[in-house]
**Q** 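The structure under discussion is supplied below as structure tokens; questions concerning it will follow.
Computed over heavy atoms, backbone and side chain alike; hydrogens, waters and symmetry mates excluded.
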Amino acid sequence: MHKMVRTAALFLLLTATAALGQGLEEKVKEHTLKNGMKLLMVERHTSPTVSTWIRYKVGSVDERSDERGLAHLLEHMLFKGTKTLGTTDYAKEKPLLDKIEQTAQQLIAEKAKRELGEKGVVSRLEKELADLEKEAGKYSVKEEFFQLYSKNGGNNYNAFTSKDGTTYLINIPSNKLELWAAIESDRMKNPVLREFYTERSVVMEERRRTYDGEPEGQLWENFLAIAFVAHPYGQPTIGWMSDIENLTRTKAENFLHKYYAPNNAIVAVVGDIQPDRVIALAEKYFGDILPGTPVPPVAVEEPRQPGEKRMDLQLDSEPQLLIGFHKPVYPDPEDYVFDVIDAILADGRTSRLHKSLVQEQQLATEVSTFGAPGSRYPNLFLLGATPRSPHTAAQVEQAIYAEIDKLKNQPMTQRELQQILNRLEYEEIRQMGSNGGLARNLTEYEATTGSWRYLIQHRQKLSQVTPADVMRVAKKYFVSENRTVGTITKKEVTK
């Protein structure tokens, strides 16, 4: 009886999610403001709520060498308020903010002199900066954006920065959509980077905790740094510590006003809406904001890797393994083949790597595959694994290569391929089942591929992948000269 219930539930879920995927072309309404801001809207009247996602097409990959960490720091700073929100008196606050910036610039310049600097100047400037920040803090209203949204039923208020972009999101009651438009247009039009140097210290602590103090964080950063020798995908989104230490409010404001503008923004509004009303609100609140500078494409190309790269971190930590192969991204048709390879190797407990390494040989406790660190430019197909004691990373590495060799030389059956395609399609549709999931996908693919219609094209292209394609792509890219390997080896304790 229980099995019948589960089967019926699965059938209903599959039917419901399939219905969501049908007719997406007709359901998504588009509108572009004169200033370039792109609106993507989907009506769903299942509940009186709306998910809104604002995606700026600028991420850490778009930073110059002296700007590393700015996109991530700005993500923090844009929660600090505007000329009207987050302050009790901006007219009195602004002169203090200007003095803070002048003092901070002097402090950074003095620190850059290192041992050649005048004795005591750094300490004096640090005290002056702290006093000014304390004085300016008297006018600051903490988290006023959050408080406004919370009082009006908002939830899941968040933001994140990646290599490819920066996103701000919130779920709100549908009758509060005008409040959202007023708040977010004010944030786009009149941002104030108050408490900049205090927040910069918070980000530095985040870096110490998440990267410098975490073995996996150290592995990831150093792995990318050797995998990409030219392309900015090799640089950490948060920035290196010395990068963060030398960021200034002036640099941040220049970057902000240049790129965080309507022409670089994609806005998805999904839920209990009427598109005509959303357009009217967007025109009213965002329409008079001037466009910024279009984000230029990154011109540098990662040179072809001449041979295998390897690194090993000796840390007081359990062993880890990370293997990466350079690969193309959309619109290269081989990118779709990698989606199939990803599913073959590590999607679920029935995948090849999980069955072989985790279940049968018990060499690893977990194994995964994924594409990273971004998707606007050629990236990496990555395989990660945690060896199971007493097995070593080297043993797990060889077992992974054995499975890759099978992929190269033994064609998968058409039935196995169809099962994978069905699972991939189901997962895509499942992600779009929620308003937030659909808003995320619409903004993500519009930003990285140039059109949200990639959601439709992706399923169509996947269905054209053949077993021969999988073998061909595996043979082409899974070769030693295209490979980067990173490991963590447990540090020996000397007595």
Side-chain angles (χ1 to χ4, degrees), residues 37-42 44 46-59 71-88 140-162 164-196 198-199 202-203 206 210 237-238 252 256 260-262 264-273 278 281-282 285-286 289 431-444 446-447:
M37 193 174 88
K38 183 75 170 282
L39 283 176
L40 301 173
M41 300 158 286
V42 179
R44 283 179 169 176
T46 53
S47 69
T49 60
V50 179
S51 287
T52 66
W53 286 54
I54 300 178
R55 166 71 178 244
Y56 290 101
K57 296 184 288 185
V58 56
H72 174 259
L73 182 52
L74 276 172
E75 175 211 315
H76 285 239
M77 294 309 306
L78 289 183
F79 284 96
K80 297 296 183 179
T82 67
K83 295 176 181 178
T84 54
L85 294 174
T87 183
T88 58
S140 175
V141 180
K142 306 293 184 184
E143 299 186 348
E144 191 164 11
F145 284 148
F146 175 77
Q147 296 298 333
L148 274 172
Y149 277 132
S150 295
K151 289 176 182 177
N152 287 276
N155 63 79
N156 197 31
Y157 179 47
N158 211 340
F160 58 89
T161 307
S162 68
D164 293 335
T166 306
T167 302
Y168 290 84
L169 58 137
I170 180 75
N171 296 334
I172 54 173
S174 53
N175 62 359
K176 298 296 181 181
L177 193 59
E178 186 161 8
L179 174 68
W180 164 83
I183 290 174
E184 296 305 328
S185 61
D186 190 34
R187 192 202 314 243
M188 191 182 291
K189 190 186 304 184
N190 302 305
V192 175
L193 307 188
R194 53 178 57 90
E195 300 178 338
F196 181 87
T198 302
E199 196 64 28
V202 170
V203 171
E206 178 187 348
T210 307
T237 298
I238 196 172
L256 172 69
Y260 291 70
N264 293 320
I266 299 160
V267 182
V269 184
V270 180
D272 184 27
I273 62 167
V278 175
L281 287 173
Y285 287 96
F286 294 92
I289 304 175
Q431 290 176 6
M432 294 189 292
S434 69
N435 291 342
L438 179 53
R440 177 201 177 279
N441 285 349
L442 290 172
T443 54
E444 172 73 16
E446 182 72 26

**Q** For the atom pair CG (Asn156) and CD1 (Ile170), what is the distance rounded to the nearest 0.5 Å?
**A** 7.0 Å
**Q** Ignoring hydrogens, what is the shortest heavy-atom contact between Phe196 and Ala252? Give both atom names and the distance.
**A**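 For Phe196 and Ala252, the tightest heavy-atom pair comes out as CE1-CB, 3.6 Å.
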**Q** Rounded to the nearest 0.5 Å, how far apart are CZ of Arg55 and CZ of Phe160?
**A**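 So the CZ of Arg55 and the CZ of Phe160 are separated by 6.5 Å.
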**Q** Roughly how far, to the nearest 0.5 Å, is the NE2 atom of His76 from the OG1 atom of Thr161?
**A**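 Atom-to-atom, Thr161:OG1 and His76:NE2 are 7.0 Å apart.
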**Q** Ignoring hydrogens and geometry beyond distance, is a side-chain donor-acceptor pair present between Thr52 and Trp180 at under 3.5 Å?
**A**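 A pair is found: one side chain offers a donor N or O, the other an acceptor, under 3.5 Å apart.
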**Q** Would you name the heavy atoms of Tyr260 and Met188 that are closest together and state the gap between them?
**A**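 Nearest heavy atoms, Tyr260 then Met188: O-CG, 4.1 Å.
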**Q** Which label fits Tyr168 and Tyr56: parallel for a plane angle under 30°, tilted from 30 to 60°, or perpendicular past 60°?
**A** perpendicular
**Q** List the atom of Gly86, the atom of Glu144, and the distance in Å for their closest heavy-atom pair.
**A**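 Gly86 and Glu144 have their closest heavy atoms at N-OE1, 2.6 Å.
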**Q** How far does OG1 of Thr84 sit from CD1 of Ile183, to the nearest 0.5 angstrom?
**A**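 Output value for this atom pair is 10.0 Å.
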**Q** Taking side-chain contact (heavy atoms from CB on, under 4.5 Å) as the criterion, tell me which of Val278, Val267, Leu442 meets it with Met41.
**A** Val278
**Q** Working to the nearest 0.5 angstrom, can you tell me the gap between Trp53 CH2 and Leu40 CG?
**A** 13.5 Å
**Q** Under the side-chain contact (heavy atoms from CB on, under 4.5 Å) criterion, do Tyr285 and Glu184 qualify, and how do the steps go?
**A** CA-CA 9 Å; Tyr285 287 96; Glu184 296 305 328; over 6 Å; no
**Q** If every non-hydrogen atom of Ala268 is compared with every non-hydrogen atom of Thr443, which pair is closest and at what distance?
**A**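 Smallest heavy-atom distance, with atoms named: CB-CG2, 3.5 Å.
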**Q** Who passes salt bridge (Lys or Arg N to Asp or Glu O under 4.0 Å) against Glu199, sequence neighbours left out?
**A** Lys80
**Q** Any non-hydrogen side-chain atom of Pro48 less than 4.5 Å from a side-chain atom of Ser174?
**A**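 Side chain of Pro48 against side chain of Ser174, heavy atoms only: contact under 4.5 Å found.
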**Q** Determine the minimum heavy-atom distance between Pro191 and Leu256, stating which atoms define it.
**A** CG-CD2, 3.5 Å
**Q** How far does CD of Glu206 sit from CD1 of Ile238, to the nearest 0.5 angstrom?
**A** 4.0 Å
**Q** Using the side chain to side chain donor-acceptor pair (under 3.5 Å) criterion, which residues pair with Tyr157? Sequence neighbours excluded.
**A**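 Applying side chain to side chain donor-acceptor pair (under 3.5 Å) to Tyr157 gives Arg187.
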**Q** Checking the side chain of Thr166 only, and the main-chain atoms of Val58 only, is there a donor and an acceptor separated by less than 3.5 Å?
**A** yes
**Q** Between Val141 and Gln147, is the side-chain contact (heavy atoms from CB on, under 4.5 Å) condition met? List the steps.
**A** CA-CA 10 Å; Val141 180; Gln147 296 298 333; over 6 Å; no
**Q** Which heavy atom of Arg194 sits nearest to which heavy atom of Leu85, and what is that distance?
**A** NH1-O, 3.3 Å
**Q** Going by side chain to side chain donor-acceptor pair (under 3.5 Å), name the residues that satisfy it together with Lys176, two or more places apart in sequence or in a different chain.
**A** Asn152
**Q** Can you tell me if NZ on Lys189 sees more than 12 non-hydrogen neighbours from other groups inside 6.0 Å?
**A** yes
**Q** Answer yes or no: is there a side-chain heavy-atom contact under 4.5 Å between Ile172 and Leu179?
**A**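 Heavy-atom side-chain distance check fails, nothing below 4.5 Å.
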